[in-house]
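To keep things clear, I will list the structure first and then write my remarks on it.
What you see is a predicted model, and the numbers here were worked out from it, not measured in a lab.
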Amino acid sequence: MVRDRNQPNSTHRVLVSGNYCHDVLIKDGVVLAETLGGAASFISNVFDGLSVPYNLVSKVGFDFAYSVPRDPIVVPNCKTTLFHAHFDSGVDGDGRQDRVLKRVSSCDPIKPSDLPESRFDFGMAVGVGGEVTVETMEKLLEICNTVFVDIQALIRAFDGVDGTVKHVALKESGFFHLLPRIGFLKASAEEALFMEVEEVRKLCCVVVTNGRRGCRVYWRDGEVEVGPFPTNQVDPTGAGDSFLGGFVAGLVNGLTVPDAALLGNLFGSLTVGQIGLPKFDFRLLQRAREEVQRRKVQSVNCYERKDDKFRFVNAAGQEQFHASLGLAKQTTKFLAHEPQWDLQSSPSKPTEQVVLCQYTTQPKSLTGSVYEEAIKTVDVESKP
């Protein structure tokens, strides 16, 4: 069960369900980074930065390598879910790289009994390694007023030999019958190919992210395209998770759906600019919080749903909101230098990323790497 200290007293409480992971990023056979992973870590990162109160149910093994703000459930006889992300040097016309993701080990799934008995305004099913079962999803739907689901929690399958991540059609996932009870289903443009968007939008709201093109929100009666924030992509890992964190944070704070999606796009763009779990600048977060509150007041009279639960109208002034968030991102002053590896450039040439850390996950003292096989690693101190 979730620990008592993780139970915030708030009108808008969010319950996040998904396991923390160990991620190993590998390019052309060379390990570039070992980081905290899992959608839960990226979403928590955004929530902590925007002061969104939330509960977290996550399982890890005895080997979990990080100290985190929300304690996970430790399973003594299991290893933490471990993914190897293999990148190659090729980049397609959209700036995307070929990536092969492999699940090397997996922790126990989250059981319905692991979820708290109290009610929540918002629930999130964000499994990455098959840890969210149908039964757990049903329990989440029972105790949460609105549930947000990342489609990767539903359609991922894993090769029985080497753990390569594959996808099954949403209709064949075992979760399809639950769609009418789900509030929002998020998918990347690639993942959206495994469902019929026109069919699914009649059952629940669908949000499709498309990298540098922004995202599109579909619902039964309409759709809206939400613009992106220009960025230099370094590592795409976790971008969709950070988007979902920003999107839900926006709705928790009373934004319209298009405005919340814009906030999601901001955090997605911030994430791809760094390796692994991103570090957000203090002042950028403060500016973002201020702009969100200003936008909420500005659009408070724009209602088109009788229950006022979610507002899908693209309220007047969104262009200014977009510009204000973009300005906050561009004018962030960098106070600390930290070498980062650009997955789109040679691994022998680190790029300088400058960030001020707001949310930190400190590795525990380890006797060895979570990457257990013999493999080349990059020494950031060595000269090219």
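A donor and an acceptor atom, one from each side chain of Asn145 and Arg119, are located under 3.5 Å apart. Arg289 and Gln286 share a side-chain donor-acceptor pair at under 3.5 Å.
Thr81 places a side-chain heavy atom less than 4.5 Å from the side chain of Cys107. By the 4.5 Å heavy-atom criterion applied to side chains, Asp121 and Cys144 are not counted as neighbours. Counting only heavy atoms from C-beta outward, the side chains of Asp159 and Lys166 approach each other to under 4.5 Å. Contact annotation: the side chain of Tyr218 approaches that of Val208 to within less than 4.5 Å [non-hydrogen atoms, C-beta and beyond]. At a threshold of 4.5 Å between non-hydrogen side-chain atoms, the residues Gln274 and Asp235 do not count as touching. Residues Ser44 and Tyr54 are in side-chain contact: their nearest non-hydrogen atoms beyond the backbone lie under 4.5 Å apart. Residues Lys329 and Ser269 are in side-chain contact: their nearest non-hydrogen atoms beyond the backbone lie under 4.5 Å apart. Counting heavy atoms from C-beta on, the side chains of Val200 and Leu170 come closer than 4.5 Å.
You'll find the ring centres of Tyr20 and Tyr66 outside the 6.0 Å limit. Between Phe280 and Phe267, a ring centre-to-centre spacing shorter than 6.0 Å is recorded.
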Expected list for residues 245-254: side-chain donor-acceptor pairs under 3.5 angstrom, two or more places apart:
{"from": "Asn253", "atom 1": "OD1", "to": "Gln293", "atom 2": "NE2", "distance (Å)": "3.2"}
{"from": "Asn253", "atom 1": "ND2", "to": "Ala249", "atom 2": "O", "distance (Å)": "2.9"}

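Under the salt bridge (charged side-chain N to carboxylate O under 4.0 Å, His left out) criterion, Arg201 pairs with Glu198, Glu223, not counting sequence neighbours.
The aromatic rings of Phe229 and His322 sit perpendicular, their planes meeting at an angle over 60°, well past the 30° parallel limit.
The side-chain tip of Arg103 does not point at the ring of Phe83 from less than 6.0 angstrom away and within 45° of straight on. Under a cutoff of 6.0 Å and an axis angle of 45°, Lys171 and Phe176 form a cation-pi pair.
Listed for the Lys139 side chain is a donor-acceptor partner under 3.5 Å among the backbone atoms of Pro112. Between the side chain of Asn45 and the backbone N or O of Pro278, at least one donor-acceptor pair lies under 3.5 Å. Arg295 contributes no side-chain N or O that, together with a main-chain N or O of Gln320, makes up a donor-acceptor pair within less than 3.5 Å. Although no hydrogens or angles enter the test, the distance criterion places no donor-acceptor pair under 3.5 Å between the side chain of Ser242 and the main chain of Ala239. Remark: the backbone N or O of Phe122 is not paired with any side-chain donor or acceptor of Arg13 at under 3.5 angstrom. Gln318 contributes a side-chain N or O that, together with a main-chain N or O of Pro258, makes up a donor-acceptor pair within less than 3.5 Å. Side chain of Thr136 to main chain of Ile110: a donor-acceptor pair is present (N/O by atom type, distance under 3.5 Å, no hydrogens or angles). Side chain of Ser173 to backbone of Phe175: a donor-acceptor contact under 3.5 angstrom is found. The main-chain N or O of Ser188 is found under 3.5 Å from a side-chain atom of Glu191 such that the two form a donor-acceptor pair. Side-chain atoms of Glu131 come within 3.5 Å of backbone N or O of Gly129 as a donor-acceptor pair.
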>> Walk me through whether Asp114 and Lys59 qualify under salt bridge (charged side-chain N to carboxylate O under 4.0 Å, His left out).
In response: CA-CA 10 Å; Asp114 295 321; Lys59 287 186 174 180; 2.8 Å; yes
>> side-chain contact (heavy atoms from CB on, under 4.5 Å) for Phe243 and Val207? Distances and angles first, verdict last.
In response: CA-CA 10 Å; Phe243 165 87; Val207 184; 3.6 Å; yes
>> Assess the residue pair Val57 and Val16 against the criterion (side-chain contact (heavy atoms from CB on, under 4.5 Å)); give the C-alpha distance rounded to whole Å, side-chain angles, the decisive distance to 0.1 Å, and a yes or no.
In response: CA-CA 6 Å; Val57 178; Val16 181; over 6 Å; no
>> For Phe148 and Val14: C-alpha separation, side-chain torsions, deciding distance, then whether side-chain contact (heavy atoms from CB on, under 4.5 Å) applies.
In response: CA-CA 10 Å; Phe148 300 78; Val14 183; over 6 Å; no
> When you look at Arg294 and Glu291, which way does the salt bridge (charged side-chain N to carboxylate O under 4.0 Å, His left out) test go after all the steps?
Replying inline: CA-CA 5 Å; Arg294 186 177 295 113; Glu291 293 299 335; 2.8 Å; yes
> What's the verdict on salt bridge (charged side-chain N to carboxylate O under 4.0 Å, His left out) for Asp63 and Lys79, showing C-alpha distance, side-chain angles and the deciding distance?
Replying inline: CA-CA 6 Å; Asp63 60 339; Lys79 287 189 173 183; 5.5 Å; no
>> Run Arg216 and Val226 through side-chain contact (heavy atoms from CB on, under 4.5 Å) and show every step you take.
In response: CA-CA 6 Å; Arg216 184 173 288 271; Val226 181; over 6 Å; no
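Heavy atoms of other residues, nucleotides or ligands lying less than 6.0 angstrom from CD of Glu196 number 12 at most.
Criterion: ILVMFWY side-chain heavy atoms under 4.5 Å apart, direct or through other members. Under it, Leu25 and Val100 are not part of a common hydrophobic cluster. Clustering ILVMFWY residues whenever any of their side-chain heavy atoms sit less than 4.5 angstrom apart, transitively, puts Val134 in the very cluster that holds Met195. Under the 4.5 Å side-chain contact rule for hydrophobic residues, Leu284 and Phe321 share a cluster. Hydrophobic clustering, with ILVMFWY side chains joined whenever heavy atoms are under 4.5 angstrom apart, keeps Leu82 apart from Phe158.
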